[in-house]
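Worksheet: one structure, shown below.
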Amino acid sequence: MDEETLEQVRSIVASIPPGRVLSYGDIAEIAGIRSPRLVGRIMAEDSADLPWHRVLRSNGTIAEHLRSRQLELLRAEGVLADGARINMREYRWDG
DNA sequence: CCGCTGACTGCGG
DNA sequence: ACCGCAGCCAGCG
């Protein structure tokens, strides 16, 4: 695992403002890496100190083992779900 | 080296 | 809306 990309990904996630979200693919693109899965892996390893709940799938859905917790955290900062789906066009962070 | 797995994605049927 | 599939990177057996 490349230490630099790891730090890069982490800093991008850390910079997402409250009430906004990014997809794994968005972060991969910004970080200049080819695989969104790598972003997911990095998040899975250790994201406790990051606003990890602001990262979700490109279509606005969330992996099921995180779904209820994540939707709750998002709701607390004004990101409302239409059922199990977040409207990305509305909440995606432009930077 | 091979195959499988996952906080993923876009395209096609 | 629901599949499946190819591409993707890294770790594990």
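Not counting sequence neighbours, Arg20(A) has no partner by the side chain to side chain donor-acceptor pair (under 3.5 Å) test. Legend: residues meeting side chain to side chain contact (heavy atoms under 4.5 Å, CB included) with Asp2(A), ordered by chain and number and at least two apart, are Glu4(A), Thr5(A).
Between atom CZ of residue Arg69(A) and atom CH2 of residue Trp52(A) there is a gap of 6.0 Å, rounded to the nearest 0.5 Å. Going from atom CD1 of Ile62(A) over to atom CD1 of Ile86(A) covers 5.5 Å, rounded to the nearest 0.5 Å.
Residues Asp46(A) and Arg10(A) approach most closely at O-NH1, 2.8 Å, considering heavy atoms. For the residue pair Tyr91(A) and Leu80(A), the shortest heavy atom distance occurs at OH-N, 3.3 Å. Considering every non-hydrogen atom in both Glu77(A) and Arg54(A), the closest pair reads OE2-NE, 2.8 Å.
The residue Ser23(A) sits close only to the backbone: its heavy atoms come under 4.0 Å of sugar-phosphate atoms, none of a base.
For the C1' atom pair drawn from dA7(B) and dC2(C), the interatomic distance equals 22 Å after rounding to whole Å. Atom P of dT5(B) sits at a distance of 15 Å from the matching atom of dG4(C), rounded to the whole Å. Remark: the separation of the C1' atoms in dC1(B) and dG13(C) is 13 Å, to the nearest Å. dC8(C) and dG6(B) have their C1' atoms separated by 12 Å, given to the nearest Å.
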### Summary
Whether each nucleotide of nucleotides 8-13 of chain C has a protein heavy atom under 4.0 Å at its base (B), only at its sugar-phosphate (S) or at neither (-) is summarised, 5' to 3', as BSBS--
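No side-chain heavy atom of Val13(A) sits under 4.5 Å from any side-chain heavy atom of Leu22(A). In this structure, the side chains of Leu73(A) and Gln70(A) stay at 4.5 Å or more apart for every pair of heavy atoms.
For the residue pair His53(A) / Glu72(A), no side-chain donor-acceptor distance below 3.5 Å is found, with atom types taken as modelled.
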### Summary
Here DNA chain C, pairs taken as Watson-Crick or G-U under 3.5 Å and shown with ( ), [ ] when crossing and | when to another strand, reads .||||||.|||||
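Put simply, chain A comes within 4.0 Å of DNA chain B, heavy atom to any atom, from dG6(B) to dG10(B), going 5' to 3'.
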Would you list the atom pairs, donor with acceptor, under 3.5 Å between side chains in residues 25-39 of chain A and any protein atom, with sequence neighbours excluded?
residue	atom	partner	partner atom	Å
Asp26(A)	OD1	Ser23(A)	OG	3.3
Asp26(A)	OD1	Arg92(A)	NH2	3.0
Asp26(A)	OD2	Ser23(A)	N	3.0
Asp26(A)	OD2	Ser23(A)	OG	3.1
Asp26(A)	OD2	Arg92(A)	NE	2.9
Asp26(A)	OD2	Arg92(A)	NH2	3.0
Ser35(A)	OG	Arg37(A)	N	3.2
Ser35(A)	OG	Leu38(A)	N	3.3

